[in-house]
Amino acid sequence: MYFWQFRVYQRPLLHPLQTHHGLWQIREGIIIRLEAEDGRIGWGEIAPLPEFGSETLSAAILFCQSLENPLSITSIFSISEQFPACQFAFESALEDLSIENKSRELEPKNYSYLLPTGAAVFPCLDDILAANQTNTYKWKIAVNSLKQELNLFEKLIDRLPRGIKLRLDANGGLSIAESKIWLKIADECQIIEFIEQPLPPSQLAEMWQLSQDFTTGIALDESVANLRQIEECYQRGWRGIFVIKPAINGSIQGLRHLWEKYPLDLVFSSVLETNIGRKSALRLAQEYPKKERALGFGVQQWFNNSDPDWLEKLWTTSANN
Ligand SMILES: O=C(O)CCC(=O)C1=CC=C[C@@H](O)[C@@H]1C(=O)O
Ligand SMILES: [Mg+2]
């Protein structure tokens, strides 16, 4: 049995993220601490992303307030798939208990750096390229008008060194006609690794057709935000890329079973979680056998790291349970 505690946190993003979903300024979540009878401690993070279909923060708080304490392993693996961020957090805390070398190097060498959206990329681009050894970068589209973004894109690729791969993420905000324009350009310029979620999840068939009509990869993200959606999209014929956000995907064990059951082309992606959730997600990504795709866990600092004791302060200054 495992006694556990939780604390709700709010951390301002150092660089607010502008996407088709809107402007994201504060990452809110819950840190959980599991303690085994022999004193071992395991940490986990509930990092909701409701616009991707996960539970909301308030739903996760109510779930934590109603969950038994102490917990059994059975109760952890019985958490409903209605709470995928909670499933990830409790299973990863359970696994964290057994991690001998918690400080084992996890930071990926092959990662994708998320560039500032739109024209904001240009003032800092040279510094970002100089500071990052990776050759994979990601840039959000479907935020400004197509005309504006096509102009910015031309300027951007002129500034990128040879050999750089770019991922374009529309967060489901393009029309079919706009997707075809981007894909035609991508096929011609050969710098785009894939276009992520060009259309909304409701248009899987249309994205499948685009994947047949163009050579540039298409990656599903919002369409495959949890285990049930991954399996459904595969069974409906999707053989393109699956962007997996472990922290909102649901059961870790369930994800392992899926990638063993189906030959999935996975790209692991962050939900701008804190270091607690990041470690668990990166451990899982390291287990995934295919290594060709850069991890969507750019080393950029999402948070102001001038407060390294934030977790300790959280634990001593607030008691949610
Ligand atoms: O996947 C990556 O390279 C970084 C993470 C990332 O792009 C995202 C994280 C969280 C919310 C989203 O707007 C965005 C995405 O859509 O993938
Ligand atoms: Mg995405």
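These numbers were taken from a predicted model, which means no experiment stands behind them. Every number for a ligand or one of its atoms is a count from 1 in the order of the listing.
Both tests pass for Arg7 against the ring of Trp315: distance under 6.0 Å to the centre and angle within 45° of the axis. The side-chain tip of Lys155 points at the ring of Phe122 from less than 6.0 angstrom away and within 45° of straight on.
Contacts between Asn171 and ligand 1, counted as non-hydrogen atom pairs separated by less than 4.0 Å, involve the side chain only. Residue contacts with ligand 1, taken as heavy atom pairs separated by less than 4.0 Å, do not involve Val243 at all.
Among Arg167, Glu222, Lys140, the residue whose heavy atom sits closest to atom 13 (O) of ligand 1 is Lys140.
Note on ligand 1: Glu196 sits in its first shell, one or more heavy atoms being nearer than 4.0 Å.
Listed by atom number, the atoms of ligand 1 under 4.0 Å from Phe52 heavy atoms are 12 (C), 16 (O). Atoms of ligand 1 found under 4.0 Å from any heavy atom of Asp221, numbered from 1 in the order shown, are 15 (C), 16 (O), 17 (O).
For Asp169, the N/O/S atom at the shortest distance from the Mg ion (ligand 2) is named OD2.
Remark: aromatic rings of Tyr111 and Phe297 are distant, center separation not under 6.0 Å. Aromatic ring centres of Trp310 and Tyr9: separated by under 6.0 Å. Centroid-to-centroid, the aromatic rings of Tyr137 and Trp139 stay 6.0 Å apart or farther.
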- Task: Take His21 and Glu222 through the test side chain to side chain donor-acceptor pair (under 3.5 Å) and record every step on the way to the result.
- Result: CA-CA 11 Å; His21 292 298; Glu222 285 83 343; 2.8 Å; yes
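The OE2 atom of Glu196 and the OD2 atom of Asp221 subtend an angle of 90° at the Mg ion (ligand 2), given to the nearest 10 degrees.
Using a cut-off of 2.8 Å, one finds that Glu222 contributes no N/O/S atom close to the Mg ion (ligand 2).
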